[in-house]
2 protein chains.
Amino acid sequence: MAAMTILVADDDKEIRDGIEIYLKNEGYRVLKAADGREALDLLGKEEVHLLILDIMMPNMDGITATFKIREAQNVPIIMLSAKVEESDKIHGLSVGADDYVSKPFQPMELMARVKSQLRRYVQLGTYDGGTTLEIDGLVLDEEAKTVTLEGAPVKLTPTEFKITELLMKHPGRVFSINEIYERVWNEEAYNAENIVAVHIRKIREKIEADPKNPRYIKVVWGVGYKIEK
Amino acid sequence: MAAMTILVADDDKEIRDGIEIYLKNEGYRVLKAADGREALDLLGKEEVHLLILDIMMPNMDGITATFKIREAQNVPIIMLSAKVEESDKIHGLSVGADDYVSKPFQPMELMARVKSQLRRYVQLGTYDGGTTLEIDGLVLDEEAKTVTLEGAPVKLTPTEFKITELLMKHPGRVFSINEIYERVWNEEAYNAENIVAVHIRKIREKIEADPKNPRYIKVVWGVGYKIEK
DNA sequence: ACACATCTTAAGAATTTCTTCATATTTTCC
DNA sequence: GGAAAATATGAAGAAATTCTTAAGATGTGT
């Protein structure tokens with residue numbers, strides 16, 4: 001397998017360089033960033049297979065960065081933090097990070113976690129490029145963020161777009177309301193029923209000729225919503 | 001999504017039961033084992049989606065168990081340990097565990113990690129539960145939550161679907177009424193006879209041409225129900 | 001600061017599903 | 001064949017889930 005690329009983002013240069021040494025030693029290619037903004041920029045230009053993000057960084061902290069990254073990518077993220085508080089761990093994990101290591105850490109522990117995450121990641125293959133999805137006359141362009149129905153443009157709000165995108169990416173699969181909420185909003189679902197229901201209705205108003213008998217977004221009673229294959 | 005099953009192995013009964021309460025509260029089905037050997041036995045009989053293994057257990061420790069499990073399965077494993085030593089963490093992770101929590105732990109942290117691992121497991125498709133089951137013209141799609149009979153769609157309610165799913169997942173095996181109740185409702189069976197019988201009847205109405213002489217769901221007098229292989 | 005679009009919250013209505021109970025039928029065993 | 005146990009059925013009220021409407025909150029750009 002070609003060398004995996006790992007992006008290390010930490011404002012402390014010593015830590016960046018230290019981690020780099022260990023990673024290179026394991027045969028990985030390493031990119032470095034001093035803050036979240038830099039990390040995002042690099043991520044746009046290079047193919048990265050795993051990120052190690054410090055939580056506290058100038059410009060953009062690790063949690064915000066994770067949030068942004070998760071909007072587009074599914075790459076494994078390991079968070080670093082000096083804080084030992086549990087609340088941070090939970091926050092990091094629920095925001096979309098895949099693992100969490102608190103400073104100071106044993107380099108070998110970090111290496112073990114990198115391997116663990118990478119093993120997972122590789123097994124699936126890679127992520128999906130932003131193409132267009134089409135289902136029975138409904139076309140969604142992930143790059144242009146547009147939707148057309150039988151050729152006619154449909155104007156969806158960002159949230160509506162994300163929900164539609166999620167459902168169209170997995171046609172036929174049923175998503176529970178909580179799952180929709182967690183994957184679109186990127187946070188714990190709490191009392192999400194109403195919120196999701198309202199958005200579903202708005203989407204239906206826009207893409208369904210007869211919202212009472214929806215052609216695309218169907219409800220599976222007691223389970224969730226889906227778009228037919 | 002059908003309830004995920006989590007296997008908790010710890011030699012301390014209090015910890016097992018404590019974790020169980022939190023997990024059930026989140027809607028998971030919970031199996032318990034007092035040592036590694038028991039855990040492996042259960043794993044052979046039941047479908048498990050995630051394991052929480054204590055490192056120090058009689059008969060077979062968590063690390064050995066992880067090693068054995070990894071020979072056959074790729075299910076997420078979270079390790080528990082009273083030791084705080086880094087060496088254990090590394091050992092645990094490199095042996096094949098997916099995450100590590102040291103005792104004493106905050107229950108909420110453990111829950112966050114369970115969710116995180118499970119989300120990953122499901123999302124990466126490592127989880128093969130999204131397939132279809134078929135028995136003699138009766139097809140059940142676990143992802144789409146649909147059932148077809150000789151190609152014609154059959155509309156089942158959530159409870160009916162879960163019962164059918166359970167029986168079809170283990171064709172030929174007889175499930176007692178109590179077992180059906182406990183696995184579908186995820187709670188203690190108390191006076192469950194009637195309720196299960198009513199649902200069985202409704203399912204038969206929908207999938208049996210002649211409910212009097214059922215082709216799929218057969219009763220084993222005095223024992224329970226099964227679907228023929 | 002203002003106008004505009006979007007998101008969230010709340011509450012009741014509409015719908016679907018679950019449970020209960022009474023009664024009927026079938027099977028087993030003596 | 002008859003009694004006891006187990007399962008099957010029908011219908012109605014209870015419960016849960018989703019839908020709808022509308023108003024208030026939040027955010028964005030000018």
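The sequence lines fix the lettering, A, B, ..., with proteins before strands; numbering per chain opens at 1.
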(message) I need the CG-P distance between A:L156 and C:dA5, as an integer number of Å.
(response) 16 Å
(request) State whether B:W185 places a side-chain N or O below 4.0 Å from either non-bridging phosphate oxygen (OP1 or OP2) of C:dT19. (result) yes
(request) Identify whether any heavy atom of A:I200 sits under 4.0 Å from a base atom; if not, whether one sits that close to sugar-phosphate; answer base, sugar-phosphate or nothing. (result) nothing
(request) Pick base, sugar-phosphate or nothing for B:F161, based on heavy-atom distances below 4.0 Å to the nucleic acid. (result) nothing
(request) Using a 4.0 Å heavy-atom cut-off across all strands, classify B:N194 as base, sugar-phosphate, or nothing. (result) base
(request) Ignoring backbone atoms, establish whether A:T159 has a side-chain N or O less than 4.0 Å from OP1 or OP2 of C:dT6. (result) no
(message) Rounded to whole Å, please give me the gap between CD1 in B:I177 and C1' in D:dA5.
(response) 12 Å
(message) Is there a side-chain contact between A:R204 and the phosphate of D:dC19, meaning an N or O under 4.0 Å from OP1 or OP2?
(response) yes
(message) Does D:dA8 have its OP1 or OP2 closer than 4.0 Å to a side-chain nitrogen or oxygen of B:Y225?
(response) yes
(message) Counting C-beta onward and ignoring hydrogens, is there a side-chain heavy-atom pair between A:L53 and A:I78 closer than 4.5 Å?
(response) no
(request) Flag the pair B:R201 / B:R204 as yes when at least one side-chain heavy-atom distance between them is below 4.5 Å, and no otherwise. (result) no
(message) To the closest 0.5 Å, what do you measure between CD (A:E160) and OG1 (A:T164)?
(response) 7.0 Å
(request) Establish, with yes or no, whether the OP1 or OP2 oxygen of C:dC7 is under 4.0 angstrom from a side-chain nitrogen or oxygen of A:T157. (result) yes
(message) As a quick check of understanding, evaluate side-chain contact (heavy atoms from CB on, under 4.5 Å) for B:Y225 and B:V174, giving each step before the final call.
(response) CA-CA 5 Å; B:Y225 299 93; B:V174 181; over 6 Å; no
(request) Could you state the atom-to-atom distance from CZ of A:R201 to C1' of C:dA10 in whole Å? (result) 14 Å
(message) I want to check one thing: is the phosphate of C:dT8, taken as OP1 and OP2, less than 4.0 Å away from some side-chain N or O of A:Y181?
(response) no
(message) Could you check whether B:E150 pairs with B:R215 (Lys NZ or Arg NE/NH1/NH2 to Asp/Glu carboxylate O, under 4.0 Å)?
(response) yes
(request) Mind calculating the distance between CH2 (A:W221) and C1' (C:dC18) to the nearest angstrom? (result) 11 Å
(request) Report the distance from atom CD1 of A:I195 to atom P of C:dT6, rounded to the nearest whole Å. (result) 17 Å
(message) In this structure, how many angstroms lie between the C1' atom of D:dT20 and the CD atom of A:E193, rounded?
(response) 16 Å
(request) Please work out if A:K212 contacts a base, only the sugar-phosphate, or nothing of the nucleic acid, heavy-atom cut-off 4.0 Å. (result) sugar-phosphate
(message) It should be established whether B:H199 places a side-chain nitrogen or oxygen under 4.0 Å from OP1 or OP2 of nucleotide C:dT19.
(response) yes
(request) Please state how far atom CG in A:N178 lies from atom C1' in D:dT17, giving the value in whole angstrom units. (result) 13 Å
(request) Quickly work out the A:E205 CD to C:dC7 P distance and round it to whole Å. (result) 14 Å
(request) Identify whether any heavy atom of A:P211 sits under 4.0 Å from a base atom; if not, whether one sits that close to sugar-phosphate; answer base, sugar-phosphate or nothing. (result) nothing
